[in-house]
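Heads up, the thing below is written out as structure tokens.
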Amino acid sequence: MKTRIILFSIMFSCLFAVSSAAATLYHDGIGFRCRNDDGTDVTGWYQASENAPWYYFDEDGYAHTGWLTDNHQIYYLRPTDGTMRAGQVLTIDGNVWAFNETGAGTRMPFRYSGWMLDDVTWYYRFPNGTFATNGWQQIDGEWYYFDEVGYMKTGLINDGGMTYYLYDNGVMAHDTQVTVGGVTYTFDSSGAAAWPYKAITQVAPEQQEMWQTVSAMADSILAGIVNDGMTDRQKAEAIYAWVRGSFTYSGHAATRDWVLEAYNGFRRRHGDCFTYYSVSAALLMRCGIPCIEVLRYTDNGHYWNLIQLSDGNWYHFDATPRRLGGYFCLWTDAQMLNYSASHGNCFAFDRSLYPHTP
């Protein structure tokens, strides 16, 4: 793990003393306070337990926010809740500050360049004050990938049709094998690994204009059925329920262009299994959930999705209704094949073409 922040030798325990009495942290409508069991207010530094955040309570009993100088050291307490910054390098008021593990801050040079850490994850600052964003960046001989906001990515990513893996410290894997979600990838010297299975569903260049319209239609539906507090699994289940409850099986689709068929499906609310597959794919992808088209190999007559949740695992997702019923949401290979064996091979598929489920 590369060195990311400046460490200092000051002993934290010498600076701050934990309150000897049990105390309760609460918000009285004005700010955070902390009350001892005997009814007195906590003042000064306070930490509820060894791994809990530190606070500083002023003489009036309210948690201090913003800058604080104490014992010749400078600290920064979050304006939102008064918790102390520690082990981070941040830009505050236009300046770069490094806070060691004790919370003591040091103002860095104006042209500071290096790793910075906030409450989300790591990012990187250049000497001119700009940040690494939108793609690959080589830093100290290692390759990293940054999103559009500037945060360092980890795990599997797809770039230019190739698959890459970024370790927990952000470093790109190369000349090695990594197993994720039951799939083993072999990464060459460039860090790239060819996807060993059927391609993940994407929007082709000629579909881009229609995709803009489909995305807007999908987003208007998602606004009413999912929210940011939901997990990928919960979002997938909500999408499944909406598609099942909003569409009628009509026996045919107008096209085998999945983006166009998603558009038709959103407008008409009926179609065949390809319509259900396409509409589901559009909604799932707008939630950031990758999909793969699964096709029944016996007759090429049935479509459904294989989707990847944030745990890295893949699951089957078939919203098409059946006369005998069935809830085929986030099923494993074993569940699909067991059902298929007793129902006319309705879910027969070539397992070699798809990543395996748990």
Side-chain angles (χ1 to χ4, degrees), residues 1-18 25 27 31-32 34 42 44-58 62-135 137-155 166-172 228:
M1 183 69 176
K2 57 186 174 296
T3 301
R4 302 180 190 254
I5 58 176
I6 298 175
L7 300 179
F8 297 84
S9 61
I10 302 171
M11 295 299 295
F12 194 50
S13 59
C14 295
L15 291 176
F16 304 149
V18 180
L25 182 69
H27 196 285
F32 283 96
C34 196
V42 173
W45 290 106
Y46 175 79
Q47 184 187 38
S49 62
E50 182 178 355
N51 296 318
W54 282 91
Y55 297 84
Y56 186 90
F57 294 95
D58 293 326
Y62 285 103
H64 190 94
T65 60
W67 294 105
L68 172 71
T69 300
D70 183 62
N71 197 26
H72 307 294
Q73 297 288 344
I74 190 166
Y75 303 89
Y76 189 77
L77 296 307
R78 289 177 176 82
T80 53
D81 60 9
T83 55
M84 182 190 72
R85 295 280 192 178
Q88 296 180 316
V89 183
L90 302 163
T91 300
I92 302 175
D93 299 332
N95 297 305
V96 177
W97 286 84
F99 299 96
N100 67 11
E101 298 301 324
T102 76
T106 300
R107 183 174 173 178
M108 307 305 290
F110 175 74
R111 293 191 175 276
Y112 170 81
S113 176
W115 288 100
M116 303 179 71
L117 173 67
D118 63 13
D119 292 337
V120 178
T121 190
W122 295 97
Y123 55 108
Y124 193 86
R125 186 180 192 269
F126 296 113
N128 63 0
T130 62
F131 298 90
T133 58
N134 291 316
Q137 192 69 230
Q138 189 174 37
I139 301 170
D140 297 331
E142 300 286 359
W143 285 98
Y144 301 83
Y145 193 92
F146 298 87
D147 66 17
E148 65 279 3
V149 177
Y151 286 123
M152 182 193 79
K153 300 286 286 182
T154 61
L166 306 165
Y167 293 111
D168 289 345
N169 63 358
V171 173
M172 181 191 73
D228 292 340

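Along the sequence shown, the residues carry numbers beginning at 1.
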Exercise. Measure across G103 and Y75 and return the closest heavy-atom pair with its distance rounded to 0.1 Å.
Key: O-CD2, 3.1 Å
Quiz item: So, the side chain of Q47 versus the backbone of A52: is there a donor-acceptor pair under 3.5 Å, distance only?
Solution: yes
Quiz item: After noting the C-alpha distance and the side-chain angles of F57 and L25, does the key distance pass the side chain to side chain contact (heavy atoms under 4.5 Å, CB included) rule?
Solution: CA-CA 11 Å; F57 294 95; L25 182 69; 3.7 Å; yes
Quiz prompt | Heavy-atom side-chain proximity of R78 to R85 below 4.5 angstrom | solution = yes
Quiz item: Do you know the tightest heavy-atom contact between W45 and L68?
Solution: CZ2-CD2, 3.6 Å
Practice problem: Give, for atom CD of Q88 and atom CD of E101, the distance between the pair rounded to the nearest 0.5 Å. | Solution: 9.5 Å
Quiz item: Under the ring-ring contact (aromatic ring centres under 6.0 Å, His included) test, which residues partner Y76, sequence neighbours left out?
Solution: W67
Self-check item: T154 (side chain) donor-acceptor with Y167 (main chain) under 3.5 angstrom
Solution: no
Practice problem: Quick one: pull up CG in N169 and CE in M152 and give me the separation to the nearest 0.5 Å. | Solution: 7.0 Å
Self-check item: Least distance between heavy atoms, V89 atom then Y123 atom
Solution: O-OH, 3.9 Å
Quiz prompt | Partner residues of R107 under the side-chain contact (heavy atoms from CB on, under 4.5 Å) criterion, sequence neighbours left out | solution = N95, W97
Quiz item: Can you find a pair of side-chain heavy atoms, one from T65 and one from F32, that are under 4.5 Å apart?
Solution: no
Self-check item: Side chain proximity check, V42 to Y55, heavy atoms < 4.5 angstrom
Solution: no
Quiz item: How about M84 and T102: do any of their side-chain heavy atoms sit closer than 4.5 Å?
Solution: no
Self-check item: Rounded distance (nearest 0.5 Å) linking atom NE2 of H64 with atom CG of L77
Solution: 6.0 Å
Quiz item: Distance from L166 atom CG to Y145 atom OH, nearest 0.5 Å?
Solution: 9.5 Å
Quiz item: Looking only at heavy atoms, what is the nearest atom pair of F131 and F126, with distance?
Solution: C-CE1, 3.8 Å
Quiz prompt | Gap between atom CD of E148 and atom OG1 of T133 - 0.5 Å precision | solution = 9.0 Å
Self-check item: Nearest-0.5 Å distance, CG of residue N100 to OG1 of residue T106
Solution: 7.0 Å
Practice problem: Please check if the side chain of D81 supplies one atom and the backbone of T83 the other of a donor-acceptor pair under 3.5 Å. | Solution: yes
Quiz item: Which class fits the ring pair Y124 and F146: parallel under 30°, tilted 30 to 60°, perpendicular over 60°?
Solution: tilted
